[in-house]
Structure formats: C-alpha cells, structure tokens
Amino acid sequence: MRLTRYFIPTLKEIPAEAVIPSHQLMLRAGMIRGLSSGIYSLLPLGYRVWKKVMQIIREEMDAIGGMELHLPALNPKEIWEETGRVEAFGDTMFHIKNRDLVLAPTHEEIITHIAQAFVHSYKDMPQIWYQIQTKFRNEPRPKSGVIRSRQFLMKDAYSLDNSWEGLDESYQKHFDAYCRIYDRCGLNYFVVGASSGAMGGSGSQEFMVESDAGEDLCAFNMESGYAANIEVATSKLPPIGRVDENPEVEKFATPNAKAIDDLVEQFGLPAERCAKALVYFADEKPWLIFMSGNDQLNESKLQTALKANVIRPAHDEELLALTGANAGSIGPVNLKTKLPQIADTRLEHANDMVSGANENGFHYRNIDLDRDADIQAYHDLRMVEEGEPDPINGLPLKVKKAIEVGHIFKLGTKYSEALKANFLDANGTEHPIIMGSYGIGVERIVACHIEQRHDKDGIAWHPSIAPFHVHITGVKIESDLVREHADRLHDHLEAAGLEVLYDDRAGVSPGFKFKDADLLGMPLNVIVGEKHLKDGNIEVKIRHSGERRIVPVEDVVDVCKALINELSV
RNA sequence: CGGAACGUAGCGCAGCCCGGUAGCGCACUACCUUGGGGUGGUAGGGGUCGCGGGUUCAAAUCCCGCCGUUCCGACCA
C-alpha cells in the first residue's frame, strides 16, 4: 500500500481533549476521529487494527465451537422489561423516542428469546453463540477515548447447557479461549474474581490490564495467588467479638458526634466497637445496615447480599422518617419504624457496641447485637483496604487500578426463567436452560495494547494486530536508485505475504518521514536510502526495541519475514 | 447529577481584564531550496470568534440564558 494513496491524517500536535496516551496516539496516528462525546469514527488505519482484533476473537471462538450470528441493535423495550433490566440499566440504556424500542447495551434477552423458541430438548445442547457488534450505552461521562464510550464494539458470547456441569465446561472453554485471545494480541493481563452486578448469575471473572487509566480497582497478592475486583474482594480480618461484661444498654449524650471519628475522639472509644448504621433502599425497600467503625460499605456486596436489582442510599428526609434521626445518630435500639437489618460479618454476635440512639445528639452503649438488634443475616459487606491480610494466606493485599478487557459470567437461569426458555431432560422433566455470558471489549484491547506498547515517539505494534507489518521509508524518493529499490521491495514484500505501508511521498524530508513511521509504529521500518544502497544494503529497524540491522538488498524480504515471525511470539 | 475549567481557521493557542481593521505556530496550495531524524524561504487560500438574547454609535471582548467539550466526584454489564 502506497502512503500517497492511503488516508492517514496524522497530527503533529496533541488534541486538547485527549488525556491518556492511547487516546492521544489514536488521534495523532489518524486511526480515529471523534464525532461527539464518547462517539468515534474509525478511520482506515484504525479499522485495520479493529478488524485484526475481531479476526483473532473469531478464530478462537470458532475453535471452541462457537457460532457467529448477528443480532438486532434495536430491541423491543418489552423484552427488557420482562427481565427487569430496563430498571437495572436505568439511564444507561438508550431509549428511542418515537417507538417503544431501546438500543441494546448487551444481548442476553435476545439470545434467550431465540433459545426459547428453538431449543427445547437436552439433545439440542450445548450451544455457543456469539456476535461481534455495536453496543450502545448512554454513559453519563464518557472518558479515556474509546475506553469508555457510548457506542462500541463488543464480542459477546452465550452458552446454553442442559446441566450445571455443562455450564462449567462451557465456562472453562471460554476462559481458555480468552487467554489465547489476549496472548495473541500481545497484551499483559491478569484475571480477577468479579461481581456479576446487574447481569445476575452465580460467578464471574474479569480479564484485567493494569493501567492508571483504569476505572476498576483490584486487590491481589501475587504470592498467594489471590486476585479480585474490589467489588468482591475479601480479607481475613478478625471479628469484633464479645466481651464478658454485658450490661443493659445505656443512652448517653453525644451532641457533637456525628462521625465515627468524633465518637473515638470525644469518648475514647475504639473505632471498631462502634456500629455504624446506614439505611439503603433495595428495589425501593428500606434496610438498616451495620458496619464496624470506619469500615466502608461495599455497595456491590450489598446489592448481591440483598439480591436487589437497584440499590441506593436513603435521602435525609427518608432517614428522619424511618429512624427518627439524621445520619450519624442511627442505630438498632429505639427505631421509629421496624426495619429489616443486616450487618457485616465482622459484627457477628458482637456486644459492648456503641451505636446511634435514633435521636439526634444521643447514642447507646453496651449494645449486644444478638440481644438488642434484630439482624436477619450477616454478610461480608466491607470494602477491603490495601495492606489487609489476603483470604488465602493472610499476606498483605495490594490494590491497583486496571482496565476491564473481558468478563465471563456463569449466568445460570436468570434469563431463561424470566423468558421461559425451558427444555425437557431425558426423563421428560422441564428445566430452564442454563446459560453463560462472555464479553470482550474490542476497542479496549486496542487501547490497552497502545497503553502498554508506546514510547515518546508513538506506537509500537505487536505484529498480530499492527495495521501493517512493514513500513518502508523511501529516503529521498526522487532519486531513481531509491525509488526503484523501494518500489521493488514493496512488491516483493507483499508477494511474500506481508502487509506493507510504503512511504513513497516525494518532497518530504527524511526526518519528517521517520517521525511519521515512529508514530504509526509498524513492527518493522525498512529504510531505503542512498546511504546504504551504495553498498548494496538496506536498513531494517525494529520499532519496539529500536534495534537496527543493515541487510544486503537481496536478503531484505527473508529477514523481514523471519523478524515478523520472531516478534510475533 | 454535584464541583471546576474551556469553546476564536483542520490542530495547538494569543487577543477578552481596558469594546473600535480577527492574529500567531503547525497543517494546506504554488514555486524555489534541502535531502538519514519534524530543511529554509517567497507568495497564497481558509474563521457568521459555540448558539440566542441584551447593553452600546460600535461586542470575540461587557451582561443574561442555552448548548457543547474536558477534568474531579457520583455512576459504570
């Protein structure tokens, strides 16, 4: 491909709206062009990369027996109401104004709808269906270029099985395929245990790329082999426990104490013996929640524990109406209205606790949660902190930012039950289909790749997803000697099966061409110039390492082929 | 949705405080020059100054409203 005939609008300056390297470089290299917040056009050079990523995904999905299909982006709102996900997605789902249609943010409902119609026997399964399509999410704040956008490409796959063992197998196949996909794309990644969130289901894992641009926090200890999204991460902290003395509760005045720290400072209480009370609504039903001291409530864990579609903290007026007090003075004793209660596991059977009196300016002491509260269940509800002991070996946890590039779920029967997608087993008994759901963000792979492989000059593509394998730089292309060699090399490299971008621009200075080559970042830059041609040589530069080799003209094609193979592993 | 900043040529910016001819660099066009790390020069083309109102003889500039973009937070399968 000749650069003079190809459309690559490179930029010398960094557009003001781009903050992270991958976004800046995609714009500067002429790969993408922003249209609106969180909406991008993919230009020819960028789309080549997208297509390569999608092809790798296709090959690995096909290899585990996946069948590609194509589903509508426009969905009837009704089907999303049946699974409760219009509410679960809330404002994140785009709604069509002049029809009762929505733009699909994912496709569990549609897949289940097909399964419901056609998959009726245990003999019809297992099935793996996948698609690589545009998804729409009305992100409140798109950011980081294509990493969080309103319209993006996702590969999503769905498995249908007739047994839980079958689901485990399908899940494992996807896990293995995902590892191969990220390996082939040249990404450094790690896997964490994850929350199923609004997707529902029994278990899930995320494929993560460590990055300061990441929006997820992961807690891990490499030595123990523990890694989890902060949404589900746990640690091994001792329970608060009981003390022998267990007197009756006693109210005391705390006029200037709202936060746990105030109680600690003013009354010399140990923070962990304070039971912090919070009120949350789960699907519009209020709950009273207790945490120890300054432990932070993990909303993901709360949502899972309450099996709720949507949760939110109570507003000030609601707090007052339900408990009789404002935030900071709420507790289990003397509640204005009876509220269902749950507490963090650290508080299990704890006594000698201090908590709000449900009367502003007062607290109770000597609270025995077993005696004085009405706690229905204890769940792990805390947000872990860096340095806490990991749950496997008790070694200190580290917390790092990461970008989620893939997520696999054991969905179970949430959607098949809601949409009545049932099958008959060998005994003629009806069961809901057992499903799995597996997603990969295509643009996030590209963005993470650039985040991991760039330097001050530009991108350094891995050969597997590079837009072209070889970039030929014709230095002083006006020279017949240079032009003839470069032309021939271009033809020979293409004939050898390599993808070639040939900078055949005339009147462009060498430095300018080198800068462009470094910016675009093809794995190999073949520099054809009089300097080495007069000795019968051509220079081959490896972009990622910076290594340069002077190669006899007749060997260049073989050297390039060998280097591409070498760089691909 | 809370807090903040910014909207002037394709991109990066100045001009605004103190109202009076719309500017600079890059990119683009033509010619000359140079030719292994963004050559140097000459001459050009391109902007309803985000939109709408108001004040004024006169608004990019002052006032009000809206829209957009970005950043921090909330949210985020």
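Letters A, B, ... mirror the listed sequences (proteins, then strands); counts begin at 1. Only this structure's heavy atoms are used, side chains among them; waters, hydrogens and symmetry mates stay out.
Residues from residues 535-543 of chain A lying near RNA chain B, meaning a heavy-atom separation below 4.0 Å, are A/E539, A/K541 in numerical order.
Taking the ring axis of A/F152 as reference, the NZ or CZ atom of A/K135 does not stay both within 45° of it and closer than 6.0 Å to the ring centre.
Between the side chains of A/N294 and A/D261, a donor-acceptor pair is found at a separation under 3.5 Å.
Between A/Y182 and A/Y178, the angle of the ring planes goes over 60°, which puts this pair in the perpendicular group of the 30/60° scheme. Taking the six-membered ring where tryptophan is involved, the planes of A/F175 and A/F207 are tilted, since the angle between them lies from 30° to 60°.
Across all strands shown, B/A30 forms a Watson-Crick or G-U wobble pair, both distances under 3.5 Å, with B/U42. Judged by Watson-Crick or G-U wobble contacts below 3.5 Å, the nucleotide B/G12 has B/C24 as its partner. Pairing partner, B/A4: B/U70, with both Watson-Crick or wobble hydrogen-bond distances short of 3.5 Å. B/G65 is paired with B/C51 under the Watson-Crick or G-U wobble criterion, all donor-acceptor distances under 3.5 Å.
Phosphate contact (OP1/OP2 of B/U69, side-chain N/O of A/R141, threshold under 4.0 Å): absent.
Nucleotides of RNA chain B nearest to A/A506 and A/R150 differ in position, and the one nearer the 5' end is that of A/A506.
Looking at heavy-atom distances under 4.0 Å, A/P140 makes contact with a base. Counting any heavy atom pair closer than 4.0 Å across all strands shown, A/E299 reaches sugar-phosphate atoms only and no base atom.
Here the side chain of A/A16 is nearest to one of B/G35, B/G12, B/U39, namely B/G12. Side chain of A/V475, nearest nucleotide from B/G36, B/G37, B/G25: B/G36. If you check B/U70, B/G36, B/U39 against the side chain of A/P510, the one that comes closest is B/G36. In the set B/G12, B/U70, B/C75, the nucleotide with an atom closest to the side chain of A/V19 is B/U70.
Every residue was checked against the salt bridge (Lys or Arg N to Asp or Glu O under 4.0 Å) condition with A/K173, not counting sequence neighbours, and none meets it.
The structure places CG of A/L35 at 5.5 Å from OG of A/S41, a figure rounded to the nearest 0.5 Å.
Residue-to-nucleotide contacts include a donor-acceptor pair under 3.5 Å from the side chain of A/R548 to the base of B/G37.
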